[in-house]
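Start at 1 and go down the list; that is how both ligands and their atoms are numbered.
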Amino acid sequence: MLDGNARLNLATFVSTWMDQNADKLYNEAFDKNAIDKDEYPATARLETNCWHMLADLWNAPDNSRTIGCSTTGSSEACMLGGLALKRRWQEKRKAENKSIAYPNLIMSSAVQVCWEKFCNYFDVEPRYVPISLEHKVLDGYELEKYIDENTIGVVAIMGVTYTGMYEPVEKISKALDEIQEKTGFNIPIHVDAASGGMIAPFLQANLKWDFRLERVASISTSGHKYGLVYPGIGWVVWRDVDVLPKSLIFEVSYLGGKMPTFALNFSRPGAQILLQYWVFLRYGYDGYKAVQKATISVAEYLAKEVEKMSDVFELWNHPTDIPVFAWMLKDSASRKWNLYDLSDRLRMKGWQVPAYPMPVNLTEITVQRLVIRNGMSIDLADRLLDDIKSQIKYLESLDTALPKNNQAGFHH
Ligand SMILES: *Cc1c(COP(=O)(O)O)cnc(C)c1O
C-alpha cells in the first residue's frame with residue numbers, strides 16, 4: 001500500500017505489466033520449483049526450448065552445440081558468464097603451468113552493479129575503463145592499456161544502465177583482434193545484453209553484436225526486462241559447449257537420467273520460465289518487433305519533447321538503441337533548483353523518474369533518465385510531459401533557492 005505505483009515507475013527496466021492470460025498462467029504455476037526437473041519435466045523442457053530460441057535469436061553458428069540456462073535475472077546470468085570466463089582462464093593457465101593468481105576482468109566504469117559484485121564475490125580484479133564526454137561508452141579506445149596475461153575477458157554492455165546506449169561490440173572485438181596479433185592474448189567477450197538482447201534482434205537486426213562475432217563467448221539477458229516477463233527471470237547462453245568448462249556443471253536427475261545444470265540457486269520459481277515461453281509463443285518474432293517498435297516510438301516522442309525544453313534541458317542521448325534516454329540540466333547562475341528537486345516534485349505526482357550522478361571522471365554531471373517499457377502509452381507520456389512542464393514552472397517561480405538536494409537514492 002505504501003509502495004510506489006509500478007506502472008508509473010519509469011526508473012526500472014523491469015516489466016510491470018503482462019496480459020490476463022499470463023496472469024492466469026502465473027496463478028496456475030506459482031507452485032512449481034524450477035530445480036525439480038524430474039518432478040516437472042515439462043517445465044524443464046520448455047526452459048531448454050527457451051534458451052535454444054534465444055541462441056537462434058542471437059545467431060549462434062550451430063544451435064545444437066550451444067548450451068544455456070535460465071536464472072533469476074541478469075545478475076545471476078552475468079555471474080555464471082563471469083565464472084565460465086574465470087574457470088576457462090584458470091584451466092588454460094594450469095595446463096601451461098602458470099600462476100592462476102590475480103585474474104582481472106575489463107569493463108566500462110558505467111557497468112551495472114552486478115559486475116562489481118561478481119568481481120568482489122569471486123575474487124577477480126575489476127579493471128574499469130572510464131567513460132568520458134569523447135568516449136561515452138566502452139568502445140575499444142586504449143583497451144590495450146588494461147589487458148595482460150591475467151585478463152579473463154571483456155564485458156560489453158548492450159544497453160548501459162546509465163543512459164541506455166549500446167557499446168559497439170564489433171569495434172571492441174576488432175580492438176581485441178589487434179591486441180591478439182601484437183601480444184598473443186586471446187581475450188573472449190561476454191555480452192551483458194540485459195536489455196539490448198531483447199531489443200537489438202528486433203529493432204537493429206543488422207547490428208553485429210552477438211554470436212556473429214566469433215569472440216563473443218556468452219550472452220546474458222533479463223527475461224524480466226524487454227523480454228516482457230514479470231520479475232524473476234534471466235537467461236545466459238554460451239556459443240559452444242566447449243566454452244563452458246565441464247568442471248562447473250552439476251548433474252540433476254531428469255526422466256530417469258541426468259540433466260546438466262549450472263546455477264547459483266537451488267530452489268526458485270518455475271512459473272517465470274513458463275511465462276517466458278508463453279510470451280515467446282504468443283508474440284513470436286513479429287509480435288516482439290511490434291511491441292518494441294511501439295515502445296521505442298513513445299521514447300522517441302518523449303525525447304523530442306524534452307529536447308524542445310532547451311531553455312532548461314540538454315539531452316545526453318536520443319533513444320536510438322534501447323527505449324531509454326537521459327538528459328542534463330543546462331547551467332544557469334540564477335537557477336534555484338536541480339534535477340533531484342524535479343525528481344522529488346514528479347514523485348509527488350506519482351511518477352518515479354530518477355536523477356543520479358554519472359560514474360567516475362564524470363561525477364560532476366547529474367542526469368535524469370526515462371526508461372520506457374511496454375504499457376507506457378502516448379497518452380500516459382503526454383500526462384508525464386504535462387507534469388514535467390508544470391513542475392518546472394513551479395520550480396522556476398521560486399524566489400529563493402531550495403536547500404541543496406543531492407539525495408541520489410537511486411542505484412543501478
Ligand atoms: C538490469 C541490468 C543488470 C542486472 O539485471 P537483473 O535482471 O536486475 O539482475 C545487469 N546488467 C545490465 C546492463 C542491466 O541493465
Side-chain angles (χ1 to χ4, degrees), residues 6 9-16 34 50-51 54 58 68-83 85 105-121 126 128-129 131 136-138 153-169 172 189-200 209-210 216 218-237 263-265 268-269 272-273 275-276 295 299 317 319 321-326 354 356 358-359 367 369-373 410-412:
N9 179 357
L10 304 178
T12 186
F13 287 78
V14 176
S15 300
T16 48
C50 282
W51 63 253
L54 288 171
W58 297 333
C69 60
S70 72
T71 61
T72 48
S74 277
S75 300
E76 186 189 3
C78 291
M79 306 268 166
L80 300 183
L83 281 169
L85 292 178
L105 181 65
I106 318 289
M107 61 192 98
S108 156
S109 59
V111 279
Q112 209 267 352
V113 67
C114 74
W115 289 106
E116 292 170 46
K117 283 189 183 172
F118 166 75
C119 290
N120 180 338
Y121 297 170
Y128 299 112
V129 181
I131 61 164
K136 282 182 164 175
V137 290
L138 179 81
V154 171
V155 175
I157 311 168
M158 284 293 283
V160 176
T161 50
Y162 285 77
T163 57
M165 293 167 72
Y166 288 156
E167 291 181 342
V169 188
I172 295 169
I189 296 174
H190 174 89
V191 183
D192 173 358
S195 19
M198 295 288 196
I199 294 284
W209 62 276
D210 53 16
V216 172
S218 46
I219 300 175
S220 52
T221 197
S222 295
H224 56 214
K225 290 185 176 175
Y226 291 104
L228 308 177
V229 177
Y230 286 132
I233 185 95
W235 300 95
V236 53
V237 177
L264 298 182
N265 302 286
R268 71 184 162 83
Q272 277 82 354
I273 294 168
L275 289 175
Q276 184 76 78
T295 306
N317 64 310
D321 298 346
I322 58 172
V324 172
F325 67 100
Y356 48 84
M358 291 301 261
V367 298
R369 184 193 70 192
L370 277 178
V371 178
I372 305 306
R373 291 172 291 106
F410 181 76
H411 298 284
H412 294 272

>> So, using side-chain hydrogen bond (donor to acceptor under 3.5 Å, both in side chains) as the criterion, who are the partners of Ser195 when residues are at least two apart?
In response: none
>> Give the residues near ligand 1 by chain and number, with the criterion being a heavy-atom distance under 4.0 Å.
In response: Gly73, Ser74, Ser75, Gln112, Cys114, Ile157, Gly159, Thr161, Asp192, Ala194, Ser222, His224, Lys225
> Judged by modelled atom types alone, do Glu76 and Asn265 share a side-chain donor-acceptor pair under 3.5 Å?
Replying inline: yes
> Quick check: does any side chain N or O of Ser15 sit under 3.5 Å from a backbone N or O of Val229, one acting as donor and the other as acceptor?
Replying inline: yes
> With sequence neighbours left out, what residues match His224 under side-chain hydrogen bond (donor to acceptor under 3.5 Å, both in side chains)?
Replying inline: none
>> Going by side-chain hydrogen bond (donor to acceptor under 3.5 Å, both in side chains), name the residues that satisfy it together with Tyr230, two or more places apart in sequence or in a different chain.
In response: Asp23
> Any side-chain donor-acceptor pair under 3.5 Å between Arg373 and Thr12?
Replying inline: no
